[in-house]
Number of protein chains: 2
Amino acid sequence: MNSGRFAISVHILTLLTFSEDEWKSSEYLAGSININPVLVRKELGNLRERGLVLSKEGKSGGSRLAKPADQIFMSEVYEAVKQKDLLGKGINSPNPACPVGRMINDHLDSLYDDAEKTLLASLGKVSLSEFCKKFD
Amino acid sequence: MNSGRFAISVHILTLLTFSEDEWKSSEYLAGSININPVLVRKELGNLRERGLVLSKEGKSGGSRLAKPADQIFMSEVYEAVKQKDLLGKGINSPNPACPVGRMINDHLDSLYDDAEKTLLASLGKVSLSEFCKKFD
DNA sequence: TGTACTGTAATAATAAAAGTTACAGTATGA
DNA sequence: TCATACTGTAACTTTTATTATTACAGTACA
């Protein structure tokens, strides 16, 4: 999975949790994370597609949570961010003339799927509001 | 985690399982995986440090499993391969002037640790010999 | 209608991963 | 004992992925 983007997304959501009902600009968010505002806007786009945040264009626009923080789970953030599969599905092109090489990607895929299900179950137990309690 | 390396290591171990008691050269292994023999030797070095394989130098040298395939677990392979943490520990340098930025890495770390424990538990249920049964 | 935003494309800079070459070291066995 | 077939590892190059930057059109507000 894409390492830094999960952290960025959780960071964004945490900041938005601490200012629920306010529209926060990408520049403000980028200031706390210490990254470029354009990256923040890209992540917000992701989170928006998944229904986790809302954004408003124009002056006094910005972003806020799309639903209460106790209804947002870390598994959703993981899903929003994930592109590649957990352990790296089928990146190699094994030799098809070898019985192991010919089949290994399929078998690795099913191993990965199981592992990822477990991971999602674990992340699904932690809500954004629980995570944010740690800051108090 | 490092995507392709897990697949390479499992591939290596699978090939060694199907020829237990034989010393296989890095070139042979590289042929099935379809990668460079030097990369294979690097992975073998990793697996060797973790006690999963043995290697023999010199003519008619090569590598083989260090213990029976039913005593090797996918969690061990994961540990052997892992360098970075699962979801990417502390890559960002958040703004320490922001209360969220100042603490978030610690809180993310504990989230990651829990998630990784779950993942390891899941991978720990699958032995190399079980994995290899899929090929029959 | 100027201003402060978003959204997104295009590009550049940086970092990480993979591949390659090279070669010293080591057992083997002819 | 010495050519051979390996390992182990360093140094380097290439490739690919990530991150950052610049730029600008579109939008809403006051």
Side-chain angles (χ1 to χ4, degrees), chain A residues 1-9 11-12 16 19 22-31 33-50 52-64 66 81-95, chain B residues 1-9 11-12 15-16 19 22-31 33-50 52-64 66 81-85 87-95:
Chain A
M1 92 150 246
N2 202 308
S3 53
R5 290 182 47 218
F6 182 82
I8 291 172
S9 284
H11 199 146
I12 290 171
L16 295 182
S19 53
E22 291 174 54
W23 299 92
K24 291 296 186 181
S25 76
S26 60
E27 193 144 359
Y28 165 80
L29 299 169
I33 308 176
N34 202 27
I35 59 171
N36 195 287
V38 177
L39 266 190
V40 172
R41 297 209 283 269
K42 280 182 190 161
E43 283 319 315
L44 284 168
N46 246 320
L47 298 170
R48 199 161 50 239
E49 275 177 23
R50 295 285 174 155
L52 303 183
V53 304
L54 301 171
S55 301
K56 198 172 74 167
E57 292 190 347
K59 191 172 179 178
S60 85
S63 298
R64 42 166 296 181
V81 157
K82 132 174 185 199
Q83 302 176 312
K84 306 191 280 204
D85 289 277
L86 178 59
L87 303 168
K89 196 170 259 174
I91 350 91
N92 301 311
S93 311
N95 183 350
Chain B
M1 94 148 246
N2 202 307
S3 54
R5 292 182 47 218
F6 182 83
I8 291 172
S9 285
H11 199 146
I12 290 172
L15 290 166
L16 296 181
S19 54
E22 289 175 55
W23 298 93
K24 292 297 188 182
S25 75
S26 61
E27 193 143 1
Y28 165 80
L29 299 169
I33 309 176
N34 202 27
I35 58 170
N36 194 286
V38 177
L39 265 189
V40 173
R41 298 209 281 273
K42 280 180 190 166
E43 283 317 316
L44 284 168
N46 246 321
L47 297 169
R48 198 160 53 238
E49 276 176 23
R50 294 284 173 157
L52 302 183
V53 305
L54 300 171
S55 301
K56 197 170 76 165
E57 291 191 346
K59 191 173 178 176
S60 85
S63 299
R64 43 165 296 183
V81 157
K82 133 176 182 196
Q83 302 176 313
K84 306 190 280 203
D85 290 275
L87 302 169
K89 195 171 262 177
I91 350 93
N92 301 312
S93 311
N95 183 351

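Order of the sequence lines sets the chain letters (A, B, ...), proteins ahead of strands, with each chain counted from 1.
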With a 4.0 Å limit, can you tell me whether Asn36(B) has a side-chain N or O closer than that to the phosphate oxygens OP1/OP2 of dA18(C)?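 No, Asn36(B) has no side-chain N/O under 4.0 Å of OP1/OP2 on dA18(C).
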
Just how far, in rounded Å, is [atom2] of [N] from [atom1] of [X]?
X	N	atom1	atom2	result
Lys59(A)	dC5(C)	NZ	P	8 Å
Asn34(B)	dT20(C)	CG	P	10 Å
Trp23(A)	dT27(D)	CH2	P	17 Å
Ile35(B)	dT21(C)	CD1	P	16 Å
Arg5(A)	dA20(D)	CZ	C1'	15 Å
Leu54(B)	dC6(D)	CG	C1'	16 Å

For the residue pair Leu44(B) and Leu29(B), establish whether any side-chain heavy-atom pair is separated by less than 4.5 Å.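 Yes, at least one pair of side-chain atoms sits under 4.5 Å.
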
Kindly indicate whether the side chain of Glu43(B), heavy atoms from C-beta on, has any atom under 4.5 Å from the side chain of Val81(B). yes

Once base and sugar-phosphate atoms are separated, protein heavy atoms under 4.0 Å mark nucleotides 6-14 of chain C, 5' to 3', with B, S and - as BBBB-----

Might you point out which heavy atoms bring Leu16(B) and Ser63(B) nearest each other, and give the distance in Å?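 Looking at all heavy atoms of both residues, the closest pair is CD2-O, 3.4 Å.
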
On a heavy-atom basis, which atom in Ile8(B) and which in Ile33(B) lie closest, and how many Å separate them?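 Closest approach of Ile8(B) to Ile33(B): O-CD1, 4.1 Å.
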
Run the side chain to side chain contact (heavy atoms under 4.5 Å, CB included) test against Glu22(B) and tell me which residues pass, sequence neighbours left out.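 If we apply the side chain to side chain contact (heavy atoms under 4.5 Å, CB included) test to Glu22(B), skipping adjacent residues, the hits are Ser19(B), Lys24(B).
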
Only one of Arg64(B), Arg48(B), Arg41(B) passes side chain to side chain donor-acceptor pair (under 3.5 Å) with Ser55(B); say which it is.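 Among Arg64(B), Arg48(B), Arg41(B), the one meeting side chain to side chain donor-acceptor pair (under 3.5 Å) with Ser55(B) is Arg48(B).
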
Nucleotide nearest Leu39(B) when distance is taken to its side chain, options dG19(C), dA4(C), dT19(D):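 My answer, after comparing the listed nucleotides, is dG19(C).
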
